[in-house]
> 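Structure below; questions to follow.
We count residues from 1, following the sequence as given. Computed from a prediction, not measured in an experiment: that's the story for all the values here.
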Amino acid sequence: MSDYEAVRTPADTSIPGWYGILPPPKAPEVLRGRHTADWLIVGAGFAGLAAARRLSQLVPNERIVVVDAQRVGWGAAGRNSGFMIDLPHELGGEHYGGRQDHDRKRIRMNRAAIEFSASAADEYGLQKYFVRAGKYHGAATDHGVAVLREFEKHLTGLGEPFERLDGPQLKEITGTEFFVGGMFTPGTVMAQPAGFIRGLAEGLSRRVQLFENSPVTTLRTGKLHTAKTADGEIKAPRLILTVNGHLESFGYFKKRLLHVFTYASMTRPLSKSEQAALGGEPHWGLIPADPMGSTIRRIRDRIVVRNTFTYNPDMSTSEKQIRRIGVVHDRSFQARFPMLGEIPMEFRWGGHLCLSLNSAPAFGEIEDRVFVAGCCNGLGTVQGTLYGMLAADLAVGSNEPMVADALKEPAPVRLYPEPLMSIGAPLKLWAMQKRAGREL
């Protein structure tokens with residue numbers, strides 16, 4: 001038996017643009033009073049709702065309850081760039097590839113997660129939030145082009161398709177002359193992350209009970225696991241924690257999780273004349289040649305810019321930090337879209353990423369009938385979905401072979417001791433972003 005008092009609960013600041021452009025949600029159901037369930041899931045992001053959906057398929061007659069500290073789509077699930085990437089996507093290297101044997105397994109598992117999400121989009125009518133559009137890579141320098149050529153070699157070795165693009169071809173797509181070369185890979189899904197996750201929660205509501213704005217403040221594990229909130233409690237014999245970096249808040253993976261924030265800005269709607277001046281296609285998503293550069297998305301009459309990583313071991317950011325980094329976003333936007341002038345940003349926000357030094361997930365049964373799915377290493381949409389659904393399979397004892405693959409992954413290794421982390425992590429991020437140069 002363990003007893004944990006959550007020392008931190010999610011408290012994301014600034015409305016994320018993906019959430020802000022949606023209609024207001026209905027009033028939340030808050031956990032009040034005493035409840036029991038067969039299954040308790042803490043965390044209603046990509047991992048938590050994937051676990052809930054998979055459980056509803058595996059044990060359809062059992063009571064499944066999901067509790068979240070915030071509104072669905074307000075936290076990390078609605079603060080990412082919306083890329084569900086099937087291919088290798090290692091943020092720590094010079095390009096996105098890793099070991100070929102590991103990458104083949106990762107591709108297979110990522111695609112299984114994408115298909116699981118695709119079936120949910122079909123079941124709940126969420127196709128407008130889940131588009132199989134592929135992704136573009138854009139290089140702003142000759143060095144960036146060389147990096148992409150190395151990635152192309154890696155993809156060729158994996159037997160994966162891609163299309164090489166030059167600067168004029170990218171201009172036809174994006175409207176900007178900023179990029180000197182690039183490539184296209186077809187397997188990525190472009191999601192509206194807040195729209196998809198809110199729609200998924202709504203679709204599951206017939207089979208799963210969801211409590212929002214109900215941060216768990218105390219968690220006791222035992223024969224019956226008990227989660228307490230300010231106004232209520234719930235007991236269940238089986239518990240799945242899908243809180244990503246906040247696993248550490250409940251006492252798990254202490255000193256093994258690296259807490260990083262990244263930031264985004266979304267423009268106000270572009271006028272018809274501004275869209276004409278921009279040209280290009282109305283929908284596309286582009287990631288930089290260097291992983292530390294700027295990710296850009298266009299969604300009809302808006303453009304989203306995402307860049308800059310900061311080390312935030314307290315798992316929070318501030319309005320001041322978001323405003324400061326917004327200056328970087330404006331500079332990156334104007335460098336790419338000078339024909340648009342100084343378009344104001346309607347939304348600016350930060351989002352929490354959880355990484356490990358060895359790019360390993362936090363997955364498995366860590367106490368009797370306590371299962372975890374977290375530390376998604378910057379790929380929360382696809383890997384959160386993957387490990388959430390596999391946590392459900394593991395907990396039920398199904399014969400899903402990917403569970404064994406996931407359990408073979410190493411656990412997150414210990415972080416370096418202080419003061420090496422507090423000094424070294426920001427310096428490492430600074431050096432990596434400096435390396436990105438014009439790609440930022």
Side-chain angles (χ1 to χ4, degrees), residues 6 9-12 16 18-19 22-79 116-117 119-121 123-126 129 191-217 219 225-244 246 250 371-374 380-381 384-385 387-389 391-392 395:
T9 57
D12 293 294
W18 303 114
Y19 193 99
L22 294 172
K26 64 182 182 181
E29 184 176 4
V30 177
L31 180 64
R32 293 189 173 92
R34 294 182 176 180
H35 298 257
T36 61
D38 297 299
W39 297 86
L40 172 60
I41 300 170
V42 180
F46 280 88
L49 294 185
R53 181 168 183 260
R54 184 61 178 145
L55 283 176
S56 74
Q57 297 169 342
L58 294 169
V59 287
N61 297 320
E62 298 189 9
R63 186 175 185 227
I64 303 161
V65 172
V66 182
V67 178
D68 197 273
Q70 304 179 111
R71 297 305 307 268
V72 170
W74 177 267
R79 292 172 181 270
F116 185 77
S117 296
S119 67
E123 183 177 357
Y124 305 132
L126 305 176
Y129 299 133
Q192 204 287 39
F196 178 80
I197 208 72
R198 273 174 46 174
L200 179 56
E202 179 65 27
L204 285 170
S205 63
R206 294 185 295 274
R207 293 176 283 175
V208 174
Q209 186 167 18
L210 171 66
F211 295 104
E212 299 175 85
N213 283 354
S214 302
V216 173
T217 55
L219 180 66
H225 311 306
T226 303
K228 293 186 177 182
T229 67
D231 299 308
E233 71 172 38
I234 184 164
K235 294 178 181 288
R238 302 169 190 88
L239 170 66
I240 301 178
L241 293 174
T242 51
V243 291
N244 206 17
H246 278 278
F250 292 107
F371 305 88
V372 298
T381 55
T385 299
Y387 290 113
M389 71 185 203

> What are the two closest non-hydrogen atoms of Pro193 and Ala191, and how far apart are they?
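Here Pro193 and Ala191 meet closest at CD-O, 3.2 Å.
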> For the residue pair Val216 and Thr9, establish whether any side-chain heavy-atom pair is separated by less than 4.5 Å.
no
> What pairs with Pro16 under side-chain contact (heavy atoms from CB on, under 4.5 Å), at least two apart in sequence or on another chain?
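So Pro16 forms a side-chain contact (heavy atoms from CB on, under 4.5 Å) with Tyr19, Trp74, Arg79, Trp349.
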> If I compare all heavy atoms of Ala27 with all of Arg71, which pair ends up nearest, and what's the gap?
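Looks like C-NH2, 4.1 Å.
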> Can you find a pair of side-chain heavy atoms, one from Val59 and one from Asn61, that are under 4.5 Å apart?
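Contact flag for Val59/Asn61 side chains = no.
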> Is there a side-chain contact between Thr385 and Phe116 (heavy atoms, below 4.5 Å)?
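Yes, their side chains come closer than 4.5 Å.
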> Just by distance, do the side chain of Asp231 and the backbone of Arg32 share a donor-acceptor pair under 3.5 Å?
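It does not hold such a pair.
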> Please tabulate, for the side chains in residues 194-209, all donor-acceptor contacts under 3.5 angstrom to protein atoms that are two or more places apart in sequence or on a different chain.
residue: Arg198; atom: NH2; partner: Pro23; partner atom: O; Å: 2.6
residue: Ser205; atom: OG; partner: Glu202; partner atom: O; Å: 2.6
residue: Arg207; atom: NH1; partner: Ser56; partner atom: OG; Å: 3.4
residue: Arg207; atom: NH2; partner: Glu123; partner atom: OE2; Å: 3.1
residue: Arg207; atom: NH2; partner: Tyr124; partner atom: OH; Å: 2.6
residue: Gln209; atom: OE1; partner: Arg63; partner atom: NH2; Å: 2.2
residue: Gln209; atom: NE2; partner: Glu29; partner atom: OE2; Å: 3.1

> Which heavy atom of Ala47 sits nearest to which heavy atom of Ala373, and what is that distance?
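Minimum heavy-atom contact is CB-O, 4.2 Å.
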> Please tell me if the side chains of Ile234 and Thr229 come closer than 4.5 Å, counting only heavy atoms from C-beta onward.
no
> So, for Ala52 and Ile64, which heavy atoms are closest and what is the spacing to 0.1 Å?
O-CD1, 4.1 Å
> Could you walk me through whether Thr36 and Lys235 pass the side chain to side chain donor-acceptor pair (under 3.5 Å) check?
CA-CA 5 Å; Thr36 61; Lys235 294 178 181 288; over 6 Å; no
> So, does His225 use its side chain to make a donor-acceptor pair with the main chain of Ala236 at under 3.5 Å?
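No: the side chain of His225 does not pair with the backbone of Ala236.
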> Taking C-beta and beyond as the side chain, do Leu219 and Leu241 meet within less than 4.5 Å on heavy atoms?
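The answer is yes, as the side chains (C-beta and beyond) meet within the 4.5 Å cut-off.
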> Do the non-hydrogen side-chain atoms of Phe211 and Val65 ever get within less than 4.5 Å of each other?
yes
> Test your reading of the model: is there a side-chain donor-acceptor pair from Gln192 to the backbone of Trp18, 3.5 Å cut-off?
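Looks like yes, one N/O pair under 3.5 Å.
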> Using a 4.5 Å cut-off on heavy atoms from C-beta on, say whether the side chain of Glu62 contacts that of Arg238.
yes
> As an exercise, state the distance from CD of Glu233 to OG of Ser214, rounded to the nearest 0.5 Å.
13.5 Å
> Are any non-hydrogen side-chain atoms of Val66 and Trp39 less than 4.5 angstrom apart?
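Counting from C-beta outward, Val66 and Trp39 never come under 4.5 Å.
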> Which pair of heavy atoms, one from Gly374 and one from Asn244, lies closest together, and at what distance?
C-OD1, 3.6 Å
> Judged by atom type as modelled, is there a donor-acceptor pair below 3.5 Å linking the side chain of Thr242 to the main-chain atoms of Gly43?
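Answer holds: yes.
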> Considering non-hydrogen atoms only, spot the tightest contact between Ala392 and Ala51 and give its length.
CB-O, 3.7 Å
> Could you go through Gln70 and Asn213, starting from their C-alpha distance and side-chain angles, then the distance that decides it, and tell me whether this counts as side chain to side chain donor-acceptor pair (under 3.5 Å)?
CA-CA 4 Å; Gln70 304 179 111; Asn213 283 354; over 6 Å; no
